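Below you'll find the structure, written out as structure tokens, and then a few comments.
Computation of the quantities below employed the complete heavy-atom set of this structure, encompassing side-chain atoms and omitting hydrogens, waters and symmetry-equivalent molecules. Just so it is clear: chains get the letters A, B, ... in the order the sequence lines come, proteins before strands, and each one is counted from 1. Only a predicted model underlies this, so the values are computations on that prediction, with no experimental measurement involved.
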Amino acid sequence: MDEAQLKQILREYEVPAADDNAKKRAVNLALAEFDAAEKKGQKKFQGIPLLGRLMGSSTQKQRRTPMNRRLVYGGMATAMAVVLVCGISAQQIATRGYDKVMPDNIAGLESETFAPRKEHTAAQNKKEDLLRSRESDLRGGDSLTATERPESKNEFRTAVREKILPSAPAPMMRPPAESNVMAMDSIAGGRAAQGTMMYATPAIGIIDGEIIDPGYYRDAGRDQFGDFDENRIKTVGAEPVSTFSVDVDTVSYSFVRRQLNAGVLPQKDAVRVEEMINYFDYDYPLPETKEQPFRPSVTVIPSPWKEGNKLVHIGIKGYDIDADAQPRSNLVFLLDVSGSMNSPDKLPLLINSMKMLLDTLKPDDTVGIVVYAGAAGTVLEPTKVSDKAKILSALDNLSAGGGTAGAEGIRQAYQLAESGFDKEAVNRVILATDGDFNIGITNPEELKDFIERKRESGVFLSVLGFGQGNLNDRLMQELAQNGNGVAAYIDNLNEARKALVEEATSTLFPIAKDVKIQVEFNPATVAEYRLVGYETRHLNREDFNYDAVDAGDIGAGHSVTAIYEITLVGSGLRAVDDSRYAPAEQAKADANFSDEYAFLKIRYKLPDEDASKLITTPVTMENERRSLAKTACGPAENCLPDANDDVRFSIAVASFGQMLKGGKYVGAMTYDDVINMAQNGKGADEFGYRSEFIQLARLAKSAAVMEKQ
Amino acid sequence: MTERQDDELIKRAQEGDRRAFEALLQGYYDAMFRMAFKWCGNRADAEDVTQNACIKLAHSLKSFRFEAAFTSWLYRLVINTAMDWRKANRKFVPLPESGHAGIAPGNAEKDMQHKEALAAVLALPEKEKAALLLVFSEGMTHAEAAGVMGVKESTVSWYIHEARKKLTGKERRHG
């Protein structure tokens with residue numbers, strides 16, 4: 001483009017009119033901040049960070065060195081003398097990130113004005129600024145009422161645009177009105193809508209290069225996933241023992257589903273095979289007593305991935321608490337109501353999810369709500385569920401987006417939980433966010449420590465992820481792990497129901513904590529092994545018996561599945577050659593164990609105990625099943641000689657997950673094979689989750705074709 | 001609002017008059033939003049930025065010394081807030097070099113080239129972007145923009161020169 005064009009384009013840069021509600025909200029928040037500033041007097045004066053940043057900057061590295069801190073003080077003092085007259089308490093300087101906001105280089109005053117600042121400095125500073133907001137009741141007034149539920153796509157969007165944070169029910173991610181209806185139906189009448197989930201997500205608006213609609217917040221590509229490599233094949237001679245922590249999170253599956261529904265293959269790091277497998281409920285045999293909270297079931301079957309190899313399938317089902325015996329719940333929700341949550345698949349979905357949860361709680365349970373956005377505030381003190389109207393009205397008023405007085409979000413949430421702390425109850429903070437973790441503690445490490453300390457005091461944390469584009473998956477996982485909770489990703493009402501309602505007991509009532517699994521392979525029978533998934537849950541061998549090492553938790557009714565692919569001694573299929581110079585010692589098989597493949601050990605702690613207990617079981621040839629193929633066999637039957645439906649289905653999911661990760665270890669298996677295997681293992685599929693999986697495999701098949709082109 | 005009335009309001013707000021502060025916000029929100037929108041290219045982000053800027057204003061208004069025009073000073077506040085906001089929200093993933101995500105909704109009817117040009121402007125380094133938006137879009141002189149950005153007039157000219165070079169260069173590579 002030439003200069004004239006550029007000028008013209010910029011001159012004609014159109015800006016839509018400001019939104020009245022957004023304006024109202026901003027003005028109210030600013031006024032609250034103004035009042036707070038007035039109350040505090042000059043002491044809390046906040047001009048410095050702004051001016052500091054306007055005037056000078058240097059590299060982050062410099063700022064971090066202690067020597068520069070002194071410079072910072074000096075620079076700051078000068079800046080204050082020159083530019084403004086104000087007081088700033090020494091404590092404030094000492095306790096807040098002064099070095100991140102203060103000019104430390106007066107010489108750079110002019111030319112460096114717009115120097116880019118490192119991400120966390122500005123971010124933290126902003127958050128600190130915002131979190132200090134005090135007082136004022138901003139709620140009410142401008143929310144959508146239930147009767148205003150928009151009927152058509154366009155109206156709907158307009159409505160969202162006009163009402164910034166609508167509390168209207170059920171705007172699912174599927175924009176058209178019929179989808180809304182479908183969604184509502186599916187709450188009432190089961191999962192009728194499942195299997196027809198080929199819909200366009202809002203994100204498609206970007207994918208095809210067209211800006212469809214800016215009415216609600218949308219972003220893409222900022223989802224953060226931790227990197228990890230797939231587990232490799234290990235030789236039993238070198239590493240006979242495999243140790244890992246259980247994982248009952250399901251974030252990965254929901255995220256993958258969302259991507260596939262949008263017509264694209266998920267990024268590989270987003271695929272955690274174990275989470276995909278554990279998304280589904282399996283009918284493994286239940287433990288008989290509560291004292292032993294779960295029981296492993298082991299199956300050995302031929303591997304579908306490599307002819308001649310075998311799979312060791314370990315299924316664990318947690319003890320299920322019946323509804324009457326459920327302890328009381330003391331829940332505090334910490335909700336993100338920032339502007340980015342202003343999207344039908346975020347805040348409104350969250351509000352609806354919570355309403356559904358409310359229906360399943362007992363009258364005696366308490367619910368508290370803390371919100372955070374520009375400011376943090378308690379919008380609902382812990383309230384008994386019997387006072388449902390009060391809770392509902394608090395939920396409906398969330399839309400105004402205002403926080404009220406209070407400390408930082410997360411501390412406040414924990415404070416509330418502690419105020420209603422009941423040793424007999426399940427005390428839990430549930431954080432719901434789309435990735436914005438400015439909940440008061442900005443340093444992730446500090447945040448994790450904080451959550452860990454609180455966990456020891458008996459308040460646990462679960463994390464619900466919403467939306468797409470900004471999701472910080474890694475942090476979500478880590479926080480939930482540190483808080484003895486689960487992380488779940490919620491992309492539609494069905495998922496919300498699964499995470500919050502159906503699994504309410506398992507999500508809310510831990511039956512065992514720090515559950516670790518260790519498998520020792522018998523070198524006389526097994527030459528090589530490979531664990532499918534659990535890459536991010538790897539533990540060291542010695543961690544198994546070391547009770548201080550944190551591991552995953554299992555809630556009531558949860559099931560956990562782990563699959564190993566093993567190569568037998570003498571099968572001639574080994575992937576790793578023996579060393580020429582240090583030939584593996586011929587394993588002296590103890591004759592007593594010659595029919596054993598491996599020995600499974602599970603270590604766990606009961607929720608309120610600190611000493612671990614041990615469950616062991618050998619994996620023997622008796623556990624062997626002839627084939628993965630389908631014979632007439634129900635999911636709960638122990639159907640010799642073939643594997644049962646649950647085993648079949650979980651292996652289909654494992655295959656699928658590995659294919660999405662690149663398919664390095666699944667041999668010639670295709671998406672069609674996955675579909676067949678899953679069909680064969682579908683079983684009764686009461687809620688349609690498994691049918692949905694099959695649908696996803698079909699979507700993946702076409703997405704893979706598209707990607708190749 | 002006339003300038004004198006504004007000055008009066010600002011003074012009263014600085015002294016702690018809540019209603020004067022509210023009047024200021026009411027009067028300037030639209031202008032702040034406008035700048036934020038130009039910076040962000042979409043409504044949701046712009047509203048977040050404007051809201052943060054308003055909150056900031058509650059504290060920083062006291063530091064306004066009537067040495068520059070209040071609007072220039074506000075621009076600076078908004079731009080700084082926007083940069084903070086970007087950093088807080090983009091974390092480790094850089095902005096796509098170009099794309100269509102950052103275009104104003106009202107521009108849907110404009111042609112593709114137009115959109116691409118805007119996206120390219122939004123993806124410029126922050127200082128260059130600021131200079132370009134202030135001068136070409138807001139119609140400021142280089143001196144005025146320099147006032148907002150707190151740099152020398154010649155620096156503004158240089159930023160604009162750099163930005164132009166990038167934008168027109170980009171075009172050539174494409175075409």
Let me confirm one number: the [atom1]-[atom2] distance from [X] to [Y], rounded to the nearest 0.5 Å.
X	Y	atom1	atom2	result
Gln51(B)	Leu29(A)	CD	CG	4.5 Å
Leu61(B)	Phe34(A)	CG	CZ	7.0 Å
Ser137(B)	Ile9(A)	OG	CD1	11.5 Å

Report summary line: Across all chains, not counting sequence neighbours, the side chain to side chain donor-acceptor pair (under 3.5 Å) partners of Arg19(B) are none

Please name the pair of heavy atoms, one in [X] and one in [Y], separated by the smallest distance, quoted to 0.1 Å.
X	Y	result
Cys54(B)	Ala30(A)	O-CB, 3.3 Å
Asp19(A)	Arg43(B)	CB-NH1, 3.4 Å
Pro16(A)	Phe33(B)	O-CE2, 3.4 Å

Requested in this report: Please tell me if the side chains of Thr50(B) and Lys23(A) come closer than 4.5 Å, counting only heavy atoms from C-beta onward.
Outcome: no

Query raised in the report: Taking only residues two or more places apart in sequence, or in another chain, which ones meet Ala143(B) in a side-chain contact (heavy atoms from CB on, under 4.5 Å)?
Result: Thr141(B), Glu153(B)

Query raised in the report: Side chain, backbone, both or neither: which part of Leu133(B) has an atom under 4.5 Å from a heavy atom of chain A?
Result: side chain

